[in-house]
Amino acid sequence: MSWKTTLYNYVHSRNQTDIDYSIEPMLPFVGDASFLETQAKRLERLKQSDWMRGLTPVKHETRLSVSSVSEQRGRIIADIKLMRTIVGDIRHTPHEEQRIEKERLTLTADEGDYRIESVELLDHEDTLRLRHLEAGGLMEADDTFTAVDLMRAPSVPYLNYNVLPQFQYAAPRAPYNRVAAARYADRWWDKGNPAYLTFEVDCSNYVSQCLFAGGAPMNYTGKRNAGWWYKGRVGGQELWSYSWAVADSLQFYLLTSRSGLRAREVERAEELELGDVISYDWDGTSGFKHSTIVTAKDANGMPLVNAHTVSSKHRYWSYTDSPAYTDRTRYRFLHIVDM
C-alpha cells in the first residue's frame, strides 16, 4: 500500500468515526496513541452533544489536498488540508456545516505498507499573543496582554477621516446590519479577504471584519491599546488595535465601549441573534482565546457560528468537538447593541 493510499484510507476512516462516534475505523491506519485518545474523548462529547440536539449524522464528506510532502529518515511527512462537509438531520430538518482542518501526518513503512505514526494539528483555536518585534517597535503576534496592562477601557469613539475618508459622510447612527455581517462571514469563512492582513491566529481579525461589514464604525485612536480599528500595512508594519485582532481584547472592548460598537452580555446562547459574538475561555482561567460570529440558527433555535483559524461555517456554537475544549470551558455571549 502506497503512502498516498494510506492517506485516502485515513480520510475515509475519519469520516466514518464521526458517524459511528468511535475511533475503531482509524485503528488499522493510525498508530498515534495520544491522538487516538484525544479523538475518543472528542467523539464521546460529540455523541452527547448530538443526542442533546436531536441530531442524527447522515454523511460526512472530505476533500483531501496535500500541501507539502518531504522524506526524513525514511519517514514521509505530509501536510494535508481536510475540507469537511458534515451533513445531519435535526428532527427531520436538514443540517449542514463545513470546516477546514490542517494536519501534519508522519507515515512510516510497516511490512511494505505505510502506517500513520503521528498526527499533528496545524491550526489551533487559541489567542493571538503579542510580542515586540524590535526595541521600540510596534507589538506583533505572543504574550497575553491583560497581565501587562496592554488594554484599557476605550475613550469615546472618533474617526480620523484622513485615515478613513470613505466614512466621512456615513450616517453616524446607522443600525447594525446583522444580515450584512452574516453575509460577509459566509463569503469569507474559508479564506482571507485580501483587503486585510490574515493572521496566523485569525479568529478575531475575521470577526472584526464581519462587524465592520455590518456597519460597525471604527474607533480610530491610532493607539494599539485603545479603540477598535484597522489601518493595514504602513511603512512595512501592520497597524491595528489589540481589540481588532485579539480575542480577549475584542470582548473587553465590546463590553466597555461607551458608544459606537458595543455589546451587552446575555446569559444564554439562544438569546443571540445573527451578527452577535461568542468568546471562548478554554480552561476557564486564562482569558478568552477564541471568537466566533453567529451566522445562522439550527432547528432548535440555537446559534450556529462561523470562525477562522480552524475555518468553520455554521458550526454548533458550543465547540465541544474542538480539541481545545475542556470541562472548564466558559463562554461570553455578546449581543451587539444597535448603534
### Message
Measuring centre to centre across the rings, with the benzene-like ring taken for any Trp, is Trp240 within less than 6.0 Å of Tyr196?
### Response
no
### Message
Could you check whether any side-chain N or O of Thr221 sits under 3.5 Å from a backbone N or O of Ala226, counting only pairs where one atom can act as donor and the other as acceptor?
### Response
yes
### Query
Should Asp321 and Arg315 count as an ion pair when the cut-off is N to O under 4.0 Å?
yes
### Query
From Ile278 CD1 over to Gln251 CD, what is the distance, rounded to the nearest 0.5 angstrom?
13.0 Å
### Task
Measure across Ala78 and Leu7 and return the closest heavy-atom pair with its distance rounded to 0.1 Å.
CB-CD1, 4.5 Å
### Message
According to salt bridge (Lys or Arg N to Asp or Glu O under 4.0 Å), who are the partners of Glu96, at least two apart in sequence or on a separate chain?
### Response
none
### Query
Taking the six-membered ring for Trp, are Tyr206 and His308 parallel (under 30°), tilted (30 to 60°) or perpendicular (over 60°)?
parallel
### Message
According to side chain to side chain donor-acceptor pair (under 3.5 Å), who are the partners of Thr38, at least two apart in sequence or on a separate chain?
### Response
none
### Query
Got a sec, which residues hit ring pair (Phe, Tyr, Trp, His ring centres under 6.0 Å) with Phe29, two or more places apart in sequence or on another chain?
none
### Query
In terms of heavy-atom contacts, does NZ of Lys191 have more than 12 from other residues, nucleotides or ligands at under 6.0 Å?
yes
### Query
Do the side chain of Asp50 and the main chain of Pro57 share a donor and acceptor less than 3.5 angstrom apart?
no
### Query
Do side-chain atoms of Arg63 reach the backbone of Arg84 as a donor and acceptor pair under 3.5 angstrom?
no
### Query
Does anything in residues 211-222 pair up under salt bridge (Lys or Arg N to Asp or Glu O under 4.0 Å), and if so which pairs, sequence neighbours excluded?
none
### Query
Who passes ring pair (Phe, Tyr, Trp, His ring centres under 6.0 Å) against Trp189, sequence neighbours left out?
none
#### Entry: Sidechain-backbone polar pair: Asn205 side chain, Ala245 backbone, donor-acceptor under 3.5 Å
no
### Task
Report yes or no: does Ser257 contribute a side-chain atom to a donor-acceptor pair with the main-chain N or O of Leu254 at less than 3.5 Å?
no
### Message
Could you check whether atom NE2 of His60 has more than 12 heavy atoms from other residues, nucleotides or ligands sitting under 6.0 Å from it?
### Response
yes
#### Entry: Minimum heavy-atom distance between Ile23 and Thr17, given as atom pair plus value
CA-CG2, 4.2 Å
### Query
Given Asp281 and Arg332, is the salt bridge (Lys or Arg N to Asp or Glu O under 4.0 Å) satisfied, shown in steps?
CA-CA 8 Å; Asp281 177 357; Arg332 182 153 281 168; over 6 Å; no
### Message
Working note: Phe35 + Glu120, criterion side-chain contact (heavy atoms from CB on, under 4.5 Å); need CA distance, chi angles, decisive distance, verdict.
### Response
CA-CA 8 Å; Phe35 172 74; Glu120 177 187 353; over 6 Å; no
### Query
If you measure only the distance, is there a donor-acceptor pair under 3.5 Å linking the side chains of Thr292 and Trp317?
no
### Task
Would you check if the side chain of Ser291 reaches a backbone N or O of Ser204 as a donor-acceptor pair within less than 3.5 Å?
no
### Message
Give me each pair satisfying salt bridge (Lys or Arg N to Asp or Glu O under 4.0 Å) with a member in residues 204-216, each pair once, sequence neighbours excluded.
### Response
none
### Message
Tell me whether the rings of Tyr253 and Trp228 are parallel (<30°), tilted (30 to 60°) or perpendicular (>60°).
### Response
parallel
### Message
So if I apply the salt bridge (Lys or Arg N to Asp or Glu O under 4.0 Å) rule between Arg104 and each of Asp79, Asp123, Asp32, which one comes out positive?
### Response
Asp79
#### Entry: Backbone N/O of Gly275 and side chain of Tyr176: donor-acceptor pair under 3.5 Å
yes
### Query
Can you find a side-chain donor-acceptor pair between Glu103 and Tyr10 that sits under 3.5 Å?
yes
### Task
I would like to know whether Phe333 and Arg268 meet side-chain contact (heavy atoms from CB on, under 4.5 Å); could you show each step before the answer?
CA-CA 7 Å; Phe333 305 121; Arg268 299 183 303 276; 5.5 Å; no
### Derivation and outcome, side-chain contact (heavy atoms from CB on, under 4.5 Å), residues Ile86 and Gln98
CA-CA 6 Å; Ile86 300 163; Gln98 294 174 280; over 6 Å; no
#### Entry: Minimum-distance pair of heavy atoms, taken over all atoms of Leu274 and Ala296
CD2-N, 3.4 Å
### Task
Give a yes or no answer on whether the side chain of Arg45 reaches the backbone of Ser322 with a donor-acceptor pair at less than 3.5 Å.
yes
### Task
Please identify each residue that fulfils side chain to side chain donor-acceptor pair (under 3.5 Å) with Ser279, with sequence neighbours left out.
none
### Query
Is Arg53 close enough and on-axis enough to Tyr316, meaning under 6.0 Å and within 45°, for cation-pi?
yes
### Task
Only counting residues at least two apart or in another chain, list the ones meeting side chain to side chain donor-acceptor pair (under 3.5 Å) with Tyr331.
none
### Task
Decide yes or no on side-chain contact (heavy atoms from CB on, under 4.5 Å) for Leu46 and Thr320, but give the supporting numbers first.
CA-CA 7 Å; Leu46 179 64; Thr320 55; 5.9 Å; no
### Query
Which pair of non-hydrogen atoms, one from Asn219 and one from Gly227, has the smallest distance, and what is that distance?
ND2-CA, 3.3 Å
### Query
At their closest point, which heavy atom of Val305 faces which heavy atom of Tyr280, and how far apart are they?
CG2-OH, 4.2 Å
### Query
Applying side-chain hydrogen bond (donor to acceptor under 3.5 Å, both in side chains), which residue pairs with at least one partner in residues 86-95 are found, sequence neighbours left out?
Arg91-Asn300
### Task
Could you pull out all residues at least two apart from Arg75 that satisfy salt bridge (Lys or Arg N to Asp or Glu O under 4.0 Å)?
Glu117
### Message
Tell me whether the count of non-hydrogen atoms from other residues, nucleotides or ligands lying under 6.0 Å of NZ in Lys4 goes above 12.
### Response
no
### Query
Mind checking what makes side chain to side chain donor-acceptor pair (under 3.5 Å) contact with Glu61, not counting sequence neighbours?
Lys59
### Task
Over all heavy atoms of both residues, which pair between Val69 and Trp3 is shortest? Give the atoms and the distance, please.
CG2-CH2, 3.5 Å
### Query
Checking Trp229 side chain against Lys223 main chain: does a donor-acceptor pair fall under 3.5 Å?
yes
### Query
Looking only at atom types and distance, does a side-chain atom of Asp186 sit under 3.5 Å from a main-chain N or O of Arg183, one as donor and one as acceptor?
no
### Task
Quick one: pull up CD1 in Ile293 and SG in Cys203 and give me the separation to the nearest 0.5 Å.
12.5 Å
### Query
Who pairs with Arg328 by salt bridge (Lys or Arg N to Asp or Glu O under 4.0 Å), at least two apart in sequence or on another chain?
none
### Message
Whether Asp18 and Arg42 form a salt bridge (side-chain N of Lys/Arg under 4.0 Å from carboxylate O of Asp/Glu) is what I want to check.
### Response
yes
